[in-house]
Student: 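Below is one structure. I have some questions about it.
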There are 2 protein chains.
Amino acid sequence: MINYNQLLNQSGLKATHQRIGVLEVLEDTGHSTIDEIYQRVREQHPAISLATVYNNVDIMLERDVLVEVPIAGAKSRYEIKKQDHIHLICQICGSVTDESIDLISQKDLTRIAQKDEFAIARSQINIYGICQSCQAAM
Amino acid sequence: MINYNQLLNQSGLKATHQRIGVLEVLEDTGHSTIDEIYQRVREQHPAISLATVYNNVDIMLERDVLVEVPIAGAKSRYEIKKQDHIHLICQICGSVTDESIDLISQKDLTRIAQKDEFAIARSQINIYGICQSCQAAM
DNA sequence: ATCCTTGCAAATGATTTGCAAGAGT
DNA sequence: ACTCTTGCAAATCATTTGCAAGGAT
């Protein structure tokens, strides 16, 4: 459990109920679209407006509190910034699962980027396929 | 140089000038947004409509002729489908460069996915950072 | 007390759709 | 000829913005 007040203040943002609500939803779901965040936060804060969710996600992206996870054929999802990791994205049910990038992969990425003298800020790996439970249901 | 007529017919699509125009632009640029495709195709086919570009990109995605490259903080780009590869995305100038996924990385991805019994269809690796020429300009 | 943030409503921008005319096989 | 595809315009959906009122430090 993270101290959201502190995280927001450190980032130069006021710790409003709306922002804490967004962070709590993302802590809980892992990755959500704007609309999912809006629906979930509304359960606790029925008066929150969609524009506020957009504004807050934007400003938290700028301040590196959140990260955008763009997904082919679907809306972007957002997650609380943490170590780079891999997303397994199910093409049937849309679920997103995290997996760690191990050391070998990290080294490979560095080596590949160095070939182009490219200064890496971060990497995003999406693997698309079919998750275990959707395979079982086929 | 690819035979676009054949590629389209194999995919059950008529080889219209508009579709060939889209493919030629993508062959030339590597990866473009919808709008870039529209502007470029217009140079050869001034009457093409933006809706036609949208429709054609959509149907070519469905038929696996094109692939969507979703990018954090920017519009998706589209490319002609080929072997999976890595995208180096410059956060300054927005350029996208391809790099091959070598065998070790491929094996890593397979191993990681197997942990979750996930059936891989394809993988998409985006590395965000600063390209060589933007570094030089700093 | 001050400045930042909110909710609302309106504005803008992106994408999709319906349909009659035109093009590919 | 037949069916698929196009361009246009309108409709829809997503996102951003302006602003007066309210909230956090």
Side-chain angles (χ1 to χ4, degrees), chain A residues 3-25 31-63 65-66 68-78 94, chain B residues 3-25 31-63 65-66 68-78 94:
Chain A
N3 183 336
Y4 297 125
N5 273 51
Q6 195 182 321
L7 175 60
L8 289 167
N9 285 327
Q10 279 171 358
S11 309
L13 299 173
K14 288 186 179 169
T16 64
H17 295 138
Q18 291 87 341
R19 284 174 186 160
I20 291 170
V22 169
L23 291 170
E24 283 173 348
V25 167
H31 341 68
S32 289
T33 61
I34 293 284
D35 241 56
E36 287 165 1
I37 296 169
Y38 175 55
Q39 297 305 338
R40 290 283 302 261
V41 175
R42 232 144 61 113
E43 294 168 11
Q44 303 303 318
H45 302 277
I48 194 175
S49 86
L50 183 54
T52 295
V53 175
Y54 273 108
N55 285 333
N56 280 333
V57 168
D58 277 358
I59 201 168
M60 289 193 271
L61 287 171
E62 276 170 23
R63 307 296 173 96
V65 173
L66 300 184
E68 179 182 353
V69 183
I71 296 175
K75 293 201 202 143
S76 284
R77 289 169 178 247
Y78 300 89
Chain B
N3 184 336
Y4 296 126
N5 274 51
Q6 196 181 319
L7 175 60
L8 288 167
N9 286 326
Q10 278 172 359
S11 309
L13 298 173
K14 289 185 178 169
T16 66
H17 295 137
Q18 291 86 340
R19 284 174 187 160
I20 291 169
V22 169
L23 290 169
E24 282 173 350
V25 168
H31 339 69
S32 289
T33 61
I34 293 284
D35 240 56
E36 285 165 3
I37 296 169
Y38 176 56
Q39 298 303 338
R40 291 284 302 262
V41 176
R42 231 143 62 113
E43 292 168 12
Q44 305 302 319
H45 303 276
I48 195 176
S49 85
L50 182 54
T52 295
V53 176
Y54 273 107
N55 285 332
N56 281 332
V57 167
D58 277 359
I59 200 167
M60 290 194 271
L61 287 171
E62 276 170 22
R63 306 296 173 95
V65 174
L66 301 184
E68 178 183 355
V69 183
I71 296 175
K75 291 198 204 148
S76 283
R77 288 167 179 250
Y78 300 88

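Everything numeric here is computed off the predicted structure, so don't read it as measured data. The chains referred to below are lettered A, B, ... by the order of the sequence lines, with proteins before strands, and numbering in each begins at 1.
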Student: Would you say the side chain of Glu36(A) lies within less than 4.5 Å of the side chain of His31(A), judging by non-hydrogen atoms?
Tutor: no
Student: Just wondering, do Ile34(B) and Leu50(B) contact through their side chains at under 4.5 Å, heavy atoms?
Tutor: yes
Student: Provide, to the nearest angstrom, the distance between the CZ atom belonging to Arg42(A) and the C1' atom belonging to dT6(C).
Tutor: 16 Å
Student: Just by modelled atom types, is the Ala72(B) backbone N or O under 3.5 Å from a matching donor or acceptor in the Glu68(A) side chain?
Tutor: no
Student: Between the protein and nucleotides 21-25 of chain C, are there any N/O to N/O pairs under 3.5 Å, and if so, what are the atom names and distances?
Tutor:
residue	atom	partner	partner atom	Å
dT25(C)	OP1	Ala15(B)	N	3.4

Student: What integer distance in Å separates Met60(A):CE from dC4(C):P?
Tutor: 18 Å
Student: Expressed as a whole number of angstroms, how long is the span from His45(A):NE2 to dA24(D):C1'?
Tutor: 15 Å
Student: How about His17(A) and Gln44(A): do any of their side-chain heavy atoms sit closer than 4.5 Å?
Tutor: no
Student: Which whole-number value in Å describes the distance from Leu8(A) CG to dT6(C) P?
Tutor: 10 Å
Student: Are the side chains of Met60(B) and Leu23(B) in contact, using a 4.5 Å heavy-atom criterion?
Tutor: yes
Student: With side chains defined as the heavy atoms from C-beta onward, is the minimum distance between Val65(A) and Ile59(A) less than 4.5 Å?
Tutor: no
Student: OP1 or OP2 of dG23(D) versus the side-chain N and O atoms of Gln18(A): is any pair under 4.0 Å?
Tutor: no
Student: Can you find a pair of side-chain heavy atoms, one from Glu24(A) and one from Tyr4(A), that are under 4.5 Å apart?
Tutor: yes
Student: Are Gln18(B) and Thr52(B) linked by a side-chain donor-acceptor pair shorter than 3.5 Å?
Tutor: no
Student: For every nucleotide of nucleotides 8-19 of chain C, 5' to 3': is a protein heavy atom under 4.0 Å from its base (B), only from its sugar-phosphate (S), or from neither (-)?
Tutor: B-----SSBB--
Student: Distance check needed: dC4(C) C1' versus Asn56(A) CG, whole Å only.
Tutor: 11 Å
Student: Would you say Thr52(A) reaches dT6(C)'s phosphate, i.e. side-chain N/O to OP1/OP2 under 4.0 Å?
Tutor: no
